[in-house]
Amino acid sequence: DISADSLQRAEHTARKEGIRNVTFRQGDIFHLPFEEEMFDHIFICFVLEHLTEPQRALEQLRPLLKEGGTLTVIEGDHGSTFFHPEDPDARLAIDCLVRLQQQAGGNALIGRQLYPLLAGAGYSDIQVSPRMVYVDASRPGLVEGFTKLTFTAMVEGVAEEVHRQGLMSREAWERGIAALYRAAEANGVFCYTFFKATARK
């Protein structure tokens, strides 16, 4: 990981859980300190969406795989979000998050692009499968853990920047966030799709 703080927290968690067979290393995905053909498999999760050059990152990783080695990539796609009750302000709030990530050089809609990115980076045997997370009141763990604490919290997290740039009025923003929380209530439904891609060198 590029973040020393994230690595420190991850290492602390691993040690606390008694996990000993993991090595933590800090590095930039474009300048990794590894030799060519060092890995049998590389796993990437929620990384490409934050990069300005995701295909170049995939190209940089390919030489690190042994011949015939494999790669797994998992990314989300905020455009796959569906919820009930539907609400235009909630939809606009999500669009603000997508726009802000784009301004930062990332792509919150990257899940749908995994196949062409991997093909363009020279991988073969590419398989992409959508992995839908469907949440209703019969799944209280997902209601709390995904609808509220993951997705809605992520949208809420950009409130200050949304207001600073004037992307939505405060009133519309608050209505939108309230609508996302309504999707976590007894009559609400929330749906999101992740994309899992596997490929071979």
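Keep in mind that what you see is a predicted model, and the values were worked out from it rather than measured.
Applying the ring pair (Phe, Tyr, Trp, His ring centres under 6.0 Å) test to pairs two or more places apart or on separate chains, those with a residue in residues 38-69 are Phe34-Phe39, Phe46-Phe194.
At a threshold of 4.5 Å between non-hydrogen side-chain atoms, the residues Leu61 and Leu65 do not count as touching. The closest side-chain heavy-atom distance from Val155 to Trp173 is below 4.5 Å. By the 4.5 Å heavy-atom criterion applied to side chains, Pro54 and Ile110 are counted as neighbours. Side chains of Asp5 and Arg9 form a contact here, defined as non-hydrogen atoms less than 4.5 Å apart.
Inspection of the Gln103 and Glu161 side chains reveals no N or O donor paired with an N or O acceptor under 3.5 Å. With hydrogens and angles left out, the side-chain atoms of Ser138 and Asp136 include a donor and acceptor closer than 3.5 Å.
Stacking of Arg139 on the aromatic ring of Tyr134 is not recorded, the 6.0 Å distance cut-off and the 45° axial limit not both being met.
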Evaluation steps, salt bridge (Lys or Arg N to Asp or Glu O under 4.0 Å), between Arg15 and Glu11:
CA-CA 6 Å; Arg15 301 301 174 241; Glu11 188 164 12; 3.5 Å; yes
Apply side chain to side chain contact (heavy atoms under 4.5 Å, CB included) to the pair Leu117 and Val73, showing each step before the final yes or no.
CA-CA 11 Å; Leu117 285 171; Val73 183; over 6 Å; no
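Under the salt bridge (Lys or Arg N to Asp or Glu O under 4.0 Å) criterion, Asp125 pairs with Arg200, not counting sequence neighbours. Remark: Arg131 engages no residue in a salt bridge (Lys or Arg N to Asp or Glu O under 4.0 Å) (not counting sequence neighbours).
The backbone N or O of Val47 lies less than 3.5 Å from a partner atom in the side chain of Glu75, making a donor-acceptor pair.
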